[in-house]
Enquirer: 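Just dropping this structure here.
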Amino acid sequence: MKKGLFFALALVMVSTMTFANGKSEGSSAPKKQFATIGTGGVTGVYYPAGGAISKMVNKKYDTYHIKLTVESTGGSVFNINAVMAGDLEFGIVQSDRQTQSWNGTAEWKDKGPQKKLRAVCALYPESVTLMAADDANINSIKDLKGKIVNIGNPGSGNRGNAIIALENAGLNWKTDIKAEELKASEAAKMLQDGRIDAYFYTVGHPNGSFKEATAGKRKVHFVPITDISGILAKYPYYAKSVIPIKYYPNATNKEDVPTFGVKATLITSSDVPDNIVYAVTKEIFDNLDEFKSLHPAFGVLTKKNMLEGLTAPIHPGAMKYYKEAGLK
Ligand code: GLU
């Protein structure tokens with residue numbers, strides 16, 4: 001009898017659980033839905049951004065019955081592929097990577113256009129950032145010739161940006177530098193340990209990686225990436241940007257550092273149920289002031305600029321919120 005009751009209870013519990021595909025096993029109790037946001041390395045800004053979003057959604061569990069978790073990943077390219085494969089429901093990705101995957105270019109040249117890709121919103125600006133050790137005599141990107149440079153892991157968004165920046169300076173990443181392809185989360189330590197001369201990272205500022213890199217014994221500085229008119233003319237999704245040096249008092253730069261950049265954006269798939277995307281969108285926008293206070297990189301956000309820089313169609317769940325809020 002007791003055993004029977006236990007099994008009955010267990011059955012009820014299992015049948016109330018459902019995954020992001022929305023399928024439940026039939027129960028009158030509110031069904032619990034799970035979703036995961038793919039972010040980046042733990043010393044980047046995607047990871048805390050994903051954490052902030054999931055916290056806001058999970059706080060409203062009684063309203064939505066959604067449990068949103070965050071996963072540290074290899075970055076933009078990995079996130080897009082995982083969301084398209086149905087392994088993740090959301091991903092934070094660079095705006096250039098969103099455009100490329102939607103159009104079937106760059107890493108998606110062989111796979112073709114990613115038709116299930118859907119945009120939720122834009123987040124904050126990210127800068128293509130190059131940091132070098134002072135003792136390596138690297139004052140412009142051209143000085144990277146012959147140096148050991150981390151361009152980033154293949155799943156990252158920044159690897160492609162590093163290659164474009166090098167090409168623009170007349171350098172072939174395969175032959176002119178000794179390229180390392182490690183995750184950005186390992187790069188700061190590698191620079192401090194003298195195992196690399198410089199590293200590229202496309203990321204919001206401030207972030208843990210460059211704080212770590214500027215906190216060690218080896219003196220380091222940001223290298224300006226200038227003469228980028230060729231990049232801006234060829235690729236409409238890049239824009240000039242500046243790294244505020246005030247965030248890194250231990251870097252040996254004296255002034256803000258010019259470079260180019262993109263926007264971090266939140267993407268999902270057309271397979272993700274509307275109610276989940278609606279909840280995520282609503283919690284970000286309704287709590288925007290709180291969200292902005294969580295990280296200095298989010299300070300520039302407005303409800304208007306969060307709808308700019310998106311290439312993929314807006315997911316219907318997000319659109320429902322934008323219509324309700326009078327934003328679309
Ligand atoms: N932009 C980087 C990428 O797409 C990640 C930056 C971060 O994690 O903040 O790989």
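Numbers here are sequence positions counted from 1. Read the numbers this way: they start at 1 and go in the same order the structure lists the ligands and their atoms.
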Enquirer: For ligand 1, which atoms sit closer than 4.0 Å to a heavy atom of Asn158?
Expert: 2 (C), 3 (C), 10 (O)

Enquirer: For Ser156, take its heavy atoms, then give the atoms of ligand 1 lying under 4.0 Å from any of them.
Expert: 10 (O)

Enquirer: How long is the span from the CH2 atom in Trp108 to the OG1 atom in Thr99, to the nearest 0.5 Å?
Expert: 10.0 Å

Enquirer: Please indicate whether any nitrogen or oxygen in Val45 is less than 3.5 Å from any nitrogen or oxygen in ligand 1.
Expert: yes

Enquirer: How close do Ala297 and Pro206 get, heavy atom to heavy atom, and via which atoms?
Expert: N-CD, 4.4 Å

Enquirer: Any idea which protein heavy atom is nearest atom 5 (C) of ligand 1, and the distance to it?
Expert: Tyr46 CE2, 3.5 Å

Enquirer: Could you list which atoms of ligand 1 come closer than 4.0 Å to a heavy atom of Tyr201?
Expert: 6 (C), 7 (C), 8 (O)

Enquirer: Taking the six-membered ring for Trp, are the ring centroids of Phe210 and Tyr199 within less than 6.0 Å of each other?
Expert: yes

Enquirer: Measure the distance from atom 2 (C) of ligand 1 to every protein heavy atom, then report the residue, atom name and distance (to 0.1 Å) of the closest one.
Expert: Thr202 O, 3.2 Å

Enquirer: Can you confirm, on distance only, whether ligand 1 has an N/O atom lying under 3.5 Å from any N/O atom belonging to Gly155?
Expert: no

Enquirer: What are the two closest heavy atoms between Tyr46 and Ile92, and how far apart are they?
Expert: CE2-O, 3.3 Å

Enquirer: Measure the shortest side-chain to side-chain distance between Val300 and Pro125 over non-hydrogen atoms and say whether it is less than 4.5 angstrom.
Expert: yes

Enquirer: I need the single residue from His315, Glu324, Lys320 that forms a side-chain hydrogen bond (donor to acceptor under 3.5 Å, both in side chains) with Tyr278. Which is it?
Expert: Glu324

Enquirer: Could you list which atoms of ligand 1 come closer than 4.0 Å to a heavy atom of Ser76?
Expert: 3 (C), 4 (O), 10 (O)

Enquirer: Classify the ring geometry of Tyr248 against His205: parallel below 30°, tilted from 30° to 60°, perpendicular beyond 60°.
Expert: perpendicular

Enquirer: Mark up the atoms of ligand 1 that fall under 4.0 Å of a heavy atom belonging to Gly44, in ascending order.
Expert: 7 (C), 8 (O), 9 (O)

Enquirer: Looking only at protein heavy atoms, which one is nearest to atom 3 (C) of ligand 1, and what is the separation?
Expert: Gly157 N, 3.3 Å

Enquirer: Quick check on contacts: which atoms of ligand 1 are under 4.0 angstrom from a heavy atom of Gly40?
Expert: 8 (O)

Enquirer: Do you know the tightest heavy-atom contact between Asn103 and Pro113?
Expert: O-CG, 3.8 Å

Enquirer: Would you check whether Glu126 has a nitrogen or oxygen atom less than 3.5 angstrom from a nitrogen or oxygen atom of ligand 1?
Expert: yes

Enquirer: Short list, please: which atoms of ligand 1 are under 4.0 Å from a heavy atom of Gln94?
Expert: 1 (N), 2 (C), 3 (C), 4 (O)

Enquirer: Is it true that the side chains of Asn137 and Asp143 contain a donor and an acceptor less than 3.5 Å apart?
Expert: no

